[in-house]
2 protein chains.
Amino acid sequence: MPSSKPRIDEDAGPEYRLDDQIGFLLRRGTQRHLGIFARHIPDLTPTQFAAIAKLFEMGPVSQNELGRRTAMDAATIKGVIDRLRRRELVTTRRDRVDQRRIYVELSPLGSKLFEDSEAAALVISEQTLAPLSPEDRASFVKLLKIIT
Amino acid sequence: MPSSKPRIDEDAGPEYRLDDQIGFLLRRGTQRHLGIFARHIPDLTPTQFAAIAKLFEMGPVSQNELGRRTAMDAATIKGVIDRLRRRELVTTRRDRVDQRRIYVELSPLGSKLFEDSEAAALVISEQTLAPLSPEDRASFVKLLKIIT
DNA sequence: GCAAAATCCTTTGCATACGAACAATATGGT
DNA sequence: ACCATATTGTTCGTATGCAAAGGATTTTGC
């Protein structure tokens, strides 16, 4: 009589399965999205594109403020801006009034790059959600916004 | 007559808003989860915990295989295992048959650490989903599994 | 006005992540 | 047996990400 493993846990221990955990699933989802992004916009990372998109939306803004709007801390946004500036996609200048601030502005080249990539960026979002039905897509995005 | 900005886009251009894009939301969700994780299990990163949890589930397994099961590429899992081995949470040994393979095994210390953190890990998942109603949690996890 | 607190940016250190290139080893087809 | 191919693990380079500490500047509280 093979009753080696009881179905009910003897210690009433919690059953942790990695593949069911929200953190693991978020990481995998991000990975899949990253792959789709890289195929459609190979010359920018999602973070770099986020910074450019936000600059396009907002116009010139201080570096840390841009970081806040794109969910990057001060150390991270600095690196991103440094790399974008090196490619001449953005320009920076010190604020005359508040000498601490560095204003970041999209260059014409950066503006053009955004406009040329905008359609691709929307395709990326669509493809990422493609496995879901249209109703599920909306509800998924809604729920994801809530837990953010 | 102030009709400067038409509600309907003249160029029928797509309107990209960063805050609505799935990639940006995934990144923000991951960030929030990471913060919750660090508060509950400060001495392990989510990735390190994932490796340990999978080893606990599966028993000894080769390094690359473990990487596949935890969604890490070969370069990433190597660094994770190196750091876990340095803390003596795992042990490694070469496979006698296949000389390429390195078997990774949870040490007693690593096993104990997992068992001691398992409850906290479940709390982390709960707290991450806390803003959602119980029904929404289940549906969110289900949808997230699909787009993975 | 002035000291304390807050804000802005920088730097360092650590830990993911991934692509690409590589050496060593196994496996497959013929 | 042999050779093309695949797999395993390593290394390097680049890019997030965050914590913590620090310097410079501005704002606030009194």
Side-chain angles (χ1 to χ4, degrees), chain A residues 23-24 26-39 41-52 60-87 89 92-104, chain B residues 23-24 26-39 41-52 61-87 89-90 92-104:
Chain A
F24 185 63
L26 281 171
R27 188 157 64 83
R28 291 226 319 248
T30 301
Q31 284 173 356
R32 175 159 166 278
H33 172 264
L34 186 69
I36 295 173
F37 192 102
R39 277 196 294 279
I41 306 183
D43 50 344
L44 285 178
T45 65
T47 346
Q48 291 168 357
F49 187 81
I52 288 179
V61 67
S62 82
Q63 183 174 292
N64 276 9
E65 168 82 4
L66 180 60
R68 263 175 252 122
R69 303 289 196 131
T70 52
M72 304 179 213
D73 75 355
T76 301
I77 191 66
K78 185 199 186 305
V80 173
I81 293 303
D82 282 351
R83 285 181 285 274
L84 291 178
R85 186 176 40 211
R86 209 179 301 145
R87 293 175 55 185
L89 299 172
T92 57
R93 58 188 153 77
R94 281 216 113 82
D95 186 326
R96 295 263 170 72
V97 185
D98 188 337
Q99 290 289 322
R100 299 168 303 177
R101 281 199 172 88
I102 292 188
Y103 265 84
V104 187
Chain B
F24 185 63
L26 281 171
R27 188 157 64 83
R28 291 225 320 248
T30 301
Q31 284 174 355
R32 174 159 166 277
H33 172 263
L34 186 69
I36 296 173
F37 192 102
R39 278 195 294 279
I41 305 184
D43 49 344
L44 284 178
T45 65
T47 348
Q48 290 168 357
F49 188 82
I52 287 180
V61 67
S62 82
Q63 183 175 290
N64 275 10
E65 168 82 6
L66 180 60
R68 264 175 250 123
R69 303 288 196 132
T70 52
M72 304 179 214
D73 75 355
T76 301
I77 191 65
K78 185 199 186 306
V80 173
I81 293 303
D82 282 351
R83 285 180 285 274
L84 292 177
R85 187 176 37 213
R86 210 178 300 142
R87 293 174 55 184
L89 298 173
V90 302
T92 57
R93 58 189 152 74
R94 280 216 115 81
D95 187 327
R96 294 263 170 72
V97 184
D98 189 336
Q99 289 290 319
R100 297 169 304 175
R101 282 198 170 88
I102 292 188
Y103 264 86
V104 186

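Every chain is numbered from 1 and lettered A, B, ... according to where its sequence line falls, protein lines coming before strand lines.
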Assign [X] to base, sugar-phosphate, or nothing according to its heavy-atom contacts below 4.0 angstrom with the strands shown.
| X | answer |
| --- | --- |
| Asp73(A) | base |
| Asp98(A) | sugar-phosphate |
| Thr76(A) | base |
| Val104(B) | nothing |

| Under 3.5 Å, is there a donor-acceptor pair between the Arg27(A) and Thr30(B) side chains? |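 On atom types as modelled, these side chains do not qualify, holding no pair under 3.5 Å.
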What is the distance, to the nearest angstrom, from the [atom1] atom on [X] to the [atom2] atom on [N]?
| X | N | atom1 | atom2 | result |
| --- | --- | --- | --- | --- |
| Lys78(B) | dA15(C) | NZ | P | 14 Å |
| Arg69(B) | dT8(D) | CZ | P | 12 Å |
| Ile36(A) | dC18(C) | CD1 | P | 14 Å |
| Arg83(B) | dG13(C) | CZ | C1' | 12 Å |
| Leu89(B) | dA15(C) | CG | P | 13 Å |
| Glu65(B) | dG9(D) | CD | C1' | 14 Å |
| Leu84(A) | dT16(D) | CG | C1' | 13 Å |
| Leu34(B) | dT16(C) | CG | C1' | 10 Å |

Please confirm whether the shortest side-chain N or O distance from [X] to OP1 or OP2 of [N] is below 4.0 Å.
| X | N | value |
| --- | --- | --- |
| Arg27(B) | dT16(D) | no |
| Arg68(A) | dC8(C) | yes |
| Gln99(A) | dC9(C) | no |
| Arg32(B) | dG17(D) | no |
| Thr45(A) | dA15(D) | no |
| Gln31(A) | dT16(C) | no |

| said: Using a distance-only criterion (donor-acceptor N/O pair, under 3.5 Å, no hydrogens), is the base of dT7(C) paired with the side chain of Arg100(A)? | reply: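 Under the 3.5 Å cut-off, the side chain and the base do form a donor-acceptor pair.
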| message | I'd like to know if Asp82(A) pairs up with Arg86(A) as an ion pair, taking the criterion as any Lys NZ or Arg NE/NH1/NH2 lying under 4.0 Å from an Asp or Glu carboxylate oxygen. | response |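 No, Asp82(A) and Arg86(A) are not salt-bridged.
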| query | Side chain of Gln48(B), backbone of Thr45(B): donor and acceptor closer than 3.5 Å? | reply |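 Flag set: sc Gln48(B) to bb Thr45(B) pair under 3.5 Å.
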| request: Take Arg101(B) and Ala71(A), find for each the nucleotide of DNA chain D with the closest heavy atom, and name the residue whose nucleotide sits nearer the 5' end. | output: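 Upstream on the strand: Arg101(B).
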| task | Compare every heavy atom of Ala50(B) with every heavy atom of Met72(B), then report the nearest pair and how far apart it is. | result | CE-CB, 4.5 Å
| Could you state the interatomic distance from CD (Gln63(B)) to CZ (Arg68(B)), rounded to the nearest 0.5 Å? |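 If I round to the nearest 0.5 Å, the distance is 11.0 Å.
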